[in-house]
Structures are given as C-alpha cells and as structure tokens.
Amino acid sequence: MSQEVRVRFAPSPTGHLHIGGARSALFNYLFARSQGGKFIIRIEDTDQARNVEDATEKLMESLQWLGIDWDESMDIGGPYAPYRCMERLDIYETYLQKLLDDGSAYYDYMTEEELQEEREAQMARGEAPKYSGRDRDLTPEQRQVYEDKGIKPVVRFRVPEGKSVLVNDAVRGDVTFETDDIGDFVIARKDGIPTYNFAVVVDDYLMKISHVIRGEEHLSNAPRQALVFEAFGWEKPMFAHASLILNPDRQKMSKRDESIMQFVEQYKELGYLPEAIVNFLALLGWSPVGEEELFTIEELKEQFSLERVSKAPAVFDTDKLAWMNNQYVKEADIKRLTELAIPHLQKENKLPESLDQEQYEWVEKLISIYQEQMHYAAEITTLTELFFQREITYNEEAREVLSGEQVPEVLEQFSKELKDLSAFEPAEIKAAIKATQKATGQKGKQLFMPIRVAVTGQTHGPELPQAIALLGESVVQARLEEAVKQ
C-alpha cells in the first residue's frame with residue numbers, strides 16, 4: 001500500500017449527484033485532508049448504456065458548490081491520467097490479457113437466453129442464481145466452434161473454489177466471504193469494455209489508492225475486487241464501507257423514492273446553503289467527539305477519522321437538515337441571502353426580472369425581517385405573501401380580533417398618527433403606535449393585535465414597525481380603512 005494517503009471518488013456519469021454519492025465524496029475528501037493526502041476524482045463511465053450527457057460536468061459543479069476541491073482529475077490532470085475510464089481502454093486490455101494468459105480469466109460464450117434459462121432453473125431448485133461455469137475449461141477446438149458461429153464471448157474471472165476471501169475494513173473490521181457463494185463474474189463485456197469490478201481494481205492499483213471509502217451498498221463488490229487484486233499479486237487498499245442511509249421512515253433510500261429530495265442540485269435550487277449541506281452530510285454516519293453539531297468544513301477536516309464512522313444505518317432527517325440550514329441562514333450575510341431569494345420571488349412573478357437600486361434595497365429589508373425564521377431561500381415566497389397580495393382575506397382568528405369594540409377607535413387613531421409622520425420609517429411608525437396608545441388608552445394585545453391583523457391579515461408575523469414600513473403608506477392606509485369597514 002502507498003505510504004501516502006490517496007483516496008478517490010469515482011462516480012458513474014448517470015445523472016445528478018445523489019446524496020449518498022455526495023457523502024462518499026465528502027468522507028473521502030475529509031479523510032484525505034485530515035491525513036495530508038490526495039483526493040482524486042475518476043469518472044467510471046464504462047457502462048455506456050447508462051451514461052448521461054453533461055452528467056460529469058454537473059457532478060463536478062455540485063462538488064464545487066459544496067466546497068469540495070480535488071488534487072487530480074480529468075479537468076486538472078495529474079500523474080496518473082487519464083482519469084476517465086473510457087480513455088483507459090488500452091490499459092485495461094493489457095491487464096485483461098494477463099489474466100487470460102495465466103488462466104485467471106477465460107472466454108464465456110453463453111448467450112443471454114442460455115444464462116436466463118440457467119438462472120431460472122437454479123431458482124426453481126431453490127438455489128441462489130450464479131454462473132454454472134459451463135465454459136470454464138473449453139478447449140481451443142471448442143472455442144473455435146463458437147467463434148465460427150459468430151458468437152462473441154464475455155470474459156469471466158475464474159473464482160477459486162472453496163476459498164475464503166478476507167476483506168480488511170476500517171469500519172467493519174475483518175469481513176469474510178466464501179468464494180463458493182460468488183461464482184465466476186464478468187470482467188469484460190462482449191464489446192471488450194471492462195466491467196466495474198475489473199476496471200476499478202486496475203485503476204486503484206495504478207493510481208496508488210491507499211483507502212477505498214464508500215457506502216455499504218458496495219460491500220458485496222469488495223470480495224470480487226479483492227480476488228482480482230490477489231490474482232495480480234497486488235496489495236489491496238484498506239476498505240471502509242460507511243453505513244446505509246435510510247429515509248425518514250427508516251427504509252433504505254431508493255432513488256425512486258419521491259418522498260424525499262435525493263440530489264444535491266435540488267437543495268441548491270431551493271436555496272440551501274452548501275456549508276449546511278456539508279455539515280449535515282458529515283453527520284450521516286460519522287460522529288464527532290462531544291455534543292457539538294455545527295461544524296465548518298475546516299473543523300470537519302481537523303476532526304474527521306474513519307474510527308468514528310458508524311456501522312449503524314444513518315437516517316436522513318429532513319427536519320434536522322432544515323433546522324441546521326436555518327442555523328446557517330441566521331448567520332449569513334444579508335446580501336448573500338437576498339441574492340438567493342430574489343430568483344424565487346421572480347419565479348412567482350412577485351418581482352420584475354431586473355431590479356433598480358431602490359427595489360433591491362426594499363427586497364433586502366424584506367429578507368432581513370424573515371432571516372431568523374427562514375429555513376431556505378425558496379421559503380421566502382410563502383413567508384412574504386402579505387407584501388404582495390392586493391387584498392387581505394381574514395381568517396376566523398383574524399376576524400375575531402377585529403370584532404373587538406375598541407378596534408375602530410385604535411385603527412382610526414393609528415391612521416391619523418401615520419398621516420402626521422415626517423418619514424414612513426420603522427422608528428417613526430413605532431412612535432405612532434405609542435401615540436395611539438396614549439390617545440386611546442389601549443395597550444398590549446388590545447392595541448397591537450388590531451393593527452397587526454388590519455395591515456398584515458395575520459395574528460403573528462415579523463416586527464410590526466418594519467413590516468408596516470415595507471408595505472408602504474398607501475397600502476397600509478388602504479388596509480386600515482378596509483378593516484374599519486369590516
């Protein structure tokens with residue numbers, strides 16, 4: 001094993017960056033940085049049928065948004081280029097031939113129909129389906145018969161019989177697998193393109209990967225990869241399989257599960273802050289020392305260790321994520337939040353496509369009064385509804401407040417005080433409320449609630465003077481007049 005810590009994130013370009021993939025990337029990144037090692041990105045694009053155009057670029061954009069950088073990859077190069085698997089086919093071919101030459105691999109000419117029949121027969125007998133080994137020991141003459149028929153073979157790895165495979169796992173300890181349960185597996189398809197379990201071993205060895213850190217769903221691949229390492233006589237990396245991620249119902253998270261957003265880009269689009277997503281992902285299966293829950297990425301780099309990665313499943317708690325993001329929103333720069341919120345208000349046609357300076361400053365003030373309660377930027381459209389609706393519809397609670405016998409006097413007096421203001425600003429409006437109290441003798445809820453309900457339509461909301469200032473004098477006066485009528 002390389003003395004230097006070298007880890008990799010090797011996604012398949014089949015779509016957006018999934019939460020599980022993002023966690024794997026983050027764990028690799030944090031481990032590399034905590035150990036002064038290297039973090040490499042390699043694109044596993046050998047499954048051509050599943051590849052999606054532009055997926056690689058989107059994956060890397062999402063990683064950059066999260067604040068994850070890398071030391072080697074297809075975009076910046078490195079000593080072990082190329083870092084895209086389909087550009088390494090000549091390398092794989094060389095090593096594939098070595099296994100064929102020494103008998104560790106062989107050509108299999110079974111058709112898909114024959115394989116399916118074999119699997120169905122095994123299951124009918126109550127057996128776990130696996131390749132029977134029909135073509136394991138074909139003679140050159142037998143192979144030629146298939147070749148003459150134009151049948152293209154796959155290449156299978158010859159799994160030794162009756163052997164135990166030991167996988168050293170930094171999270172799970174030593175894990176043992178029996179080769180009799182595995183069966184000979186395909187390492188190159190009929191078109192000659194290698195499969196994942198072969199290509200990944202060659203790449204990890206040649207790129208001097210010291211630790212393979214990934215999700216538990218890859219644990220079943222570990223014995224196959226270990227066998228390929230052993231066939232070449234190569235030292236295996238240290239494996240580390242992090243726990244499964246469960247949905248809020250404590251079921252294994254499926255990409256088809258529409259009850260939860262599962263892609264990093266979705267959270268970005270909703271206006272979550274990347275530092276909150278990183279913090280949340282780090283705690284999905286890793287526990288820090290102590291009770292603290294909020295960490296910067298720099299603090300995570302210092303604290304992260306494989307010893308504190310858990311075997312127990314991690315639950316993706318959407319409420320916890322919203323709470324955590326709110327903690328970061330509270331501390332965020334108001335201009336940053338404004339920039340995040342504006343597109344959502346524009347999408348709902350609440351703001352024009354371009355804002356002048358006065359409009360921008362108004363929006364900034366609007367965002368600031370909701371900063372404490374906003375969980376993510378897209379929430380601003382519902383939080384600020386009262387500032388964009390022309391007419392107010394009073395609910396039962398609001399109508400009850402307005403039915404008080406003191407209400408007309410309070411609202412009429414407040415309207416009069418507002419007309420006498422030299423500037424329609426929060427401090428002046430606060431003074432007008434006090435003047436209304438003095439003139440009417442009303443105070444507390446008897447004073448504030450009628451004013452709040454009349455101008456906002458709500459019994460709860462942001463600081464009243466700030467809200468009134470943002471609504472503007474003409475809107476407020478019109479609403480006060482309408483409330484008195486009702």
Side-chain angles (χ1 to χ4, degrees), residues 7-35 37-44 52 54-76 83 213-215 240 242-243 245 253 255 260-286 288 293-306 309 314 316-318 320-329 331-333 336-337 339-340 343 375-378:
V7 297
R8 48 71 170 178
F9 175 55
S12 298
T14 55
H16 299 290
L17 181 59
H18 186 260
I19 286 296
R23 185 191 65 168
S24 292
L26 179 63
F27 279 15
N28 277 280
Y29 172 73
L30 295 176
F31 182 67
R33 296 295 177 256
S34 72
Q35 301 296 312
K38 295 287 195 301
F39 175 57
I40 296 106
I41 293 183
R42 188 174 71 225
I43 302 300
E44 302 277 358
V52 175
D54 297 333
T56 297
E57 289 72 19
K58 290 186 180 299
L59 285 166
M60 297 177 87
E61 284 172 10
S62 290
L63 290 175
Q64 288 175 323
W65 179 72
L66 290 171
I68 296 174
D69 57 7
W70 44 87
D71 303 293
E72 300 169 27
S73 189
M74 49 179 282
D75 61 335
I76 59 174
Y83 292 91
I213 305 168
R214 56 194 182 183
S243 63
I245 301 177
M253 206 151 69
K255 289 185 180 180
I260 180 173
M261 292 190 304
Q262 298 193 37
F263 298 97
V264 169
E265 202 164 302
Q266 291 174 297
Y267 291 96
K268 179 182 177 182
E269 288 172 357
L270 280 178
Y272 277 79
L273 300 181
E275 55 268 39
I277 299 291
V278 163
N279 193 158
F280 179 76
L281 289 176
L283 299 180
L284 277 181
W286 172 80
E293 290 187 292
L294 301 177
F295 298 93
T296 66
I297 197 165
E298 293 303 320
E299 290 168 337
L300 290 169
K301 289 178 195 176
E302 292 177 10
Q303 282 211 35
F304 188 84
S305 69
L306 293 177
V309 174
F316 193 96
D317 186 339
T318 50
K320 179 70 172 287
L321 174 55
W323 169 84
M324 187 170 283
N325 201 66
N326 174 250
Q327 304 308 303
Y328 283 89
V329 166
E331 301 298 322
D333 178 75
R336 181 187 183 196
L337 292 182
E339 292 296 333
L340 286 173
H375 293 95
Y376 51 90

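Computed over heavy atoms, backbone and side chain alike; hydrogens, waters and symmetry mates excluded. As the structure is a computational prediction, the values presented were derived from the model and not from experiment.
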Report the C-alpha separation of E298 and K301 in whole Å, then their side-chain angles, then the decisive distance to 0.1 Å, and conclude whether the salt bridge (charged side-chain N to carboxylate O under 4.0 Å, His left out) test is met.
CA-CA 5 Å; E298 293 303 320; K301 289 178 195 176; 2.9 Å; yes
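- For the residue pair A276 and M324, the shortest heavy atom distance occurs at O-SD, 3.9 Å.
- The nearest pair of heavy atoms linking E293 to N279 is O-ND2, 2.9 Å.
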Any chance you could lay out the side chain to side chain contact (heavy atoms under 4.5 Å, CB included) test for F9 and I68, step after step, and finish with the verdict?
CA-CA 11 Å; F9 175 55; I68 296 174; over 6 Å; no
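- Taking the side chain as every heavy atom from C-beta outward, S73 and I40 never approach each other to under 4.5 Å.
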Step-by-step side chain to side chain contact (heavy atoms under 4.5 Å, CB included) determination, F316 to Q262:
CA-CA 10 Å; F316 193 96; Q262 298 193 37; over 6 Å; no
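- Looking at residues two or more places apart in sequence or on another chain, you find no salt bridge (Lys or Arg N to Asp or Glu O under 4.0 Å) involving D75.
- Taking the side chain to side chain donor-acceptor pair (under 3.5 Å) definition, one finds that K268 meets it with nothing, sequence neighbours left out.
- In terms of modelled atom types and a separation under 3.5 Å, the side chain of R23 and the main chain of L284 share a donor-acceptor contact.
- For the salt bridge (Lys or Arg N to Asp or Glu O under 4.0 Å) test, residues two or more places apart in sequence or in another chain that qualify with D71 are R33.
- Partners of E331 according to the side chain to side chain donor-acceptor pair (under 3.5 Å) rule, which considers only residues two or more places apart in sequence or in another chain, do not exist here.
- Among residues two or more places apart in sequence or in another chain, the ring-ring contact (aromatic ring centres under 6.0 Å, His included) test is passed with Y328 by none.
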Evaluate Q266 against L270 for side chain to side chain contact (heavy atoms under 4.5 Å, CB included), listing each step before the verdict.
CA-CA 6 Å; Q266 291 174 297; L270 280 178; 5.9 Å; no
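- Residues P13 and L59 approach most closely at CA-CD1, 4.1 Å, considering heavy atoms.
- With hydrogens and angles ignored, the 3.5 Å screen pairs no side-chain donor or acceptor of N325 with any backbone N or O of L321.
- Of all heavy-atom pairs between L294 and E299, the closest is O-OE1, 4.0 Å.
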Can you list the steps and then say if K58 with V52 is a side chain to side chain contact (heavy atoms under 4.5 Å, CB included)?
CA-CA 10 Å; K58 290 186 180 299; V52 175; over 6 Å; no
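- Of the charged side-chain nitrogens involved, none lies within less than 4.0 Å of a carboxylate oxygen, so that R214 and E44 do not count as a salt-bridged pair.
- Residues H18 and F263 share a closest heavy-atom pair of CA-CD2, 3.7 Å.
- Summarising the geometry of V7 relative to A32, their closest heavy-atom pair is CG2-CB, 3.7 Å, with the distance given to 0.1 Å.
- Two residues are said to be in side-chain contact when any heavy atoms from C-beta on lie closer than 4.5 Å; P288 and L283 meet this criterion.
- One finds the CD1 atom of I213 at 4.5 Å from the CG atom of L306 (value rounded to the nearest 0.5 Å).
- Qualifying ring-ring contact (aromatic ring centres under 6.0 Å, His included) partners for Y272, counting only residues two or more places apart in sequence or in other chains: Y267, Y376.
- The aromatic rings of Y29 and F39 sit perpendicular, their planes meeting at an angle over 60°, well past the 30° parallel limit.
- In this structure, the separation between CD1 on I43 and CD on E57 is 8.5 Å, given to the nearest 0.5 Å.
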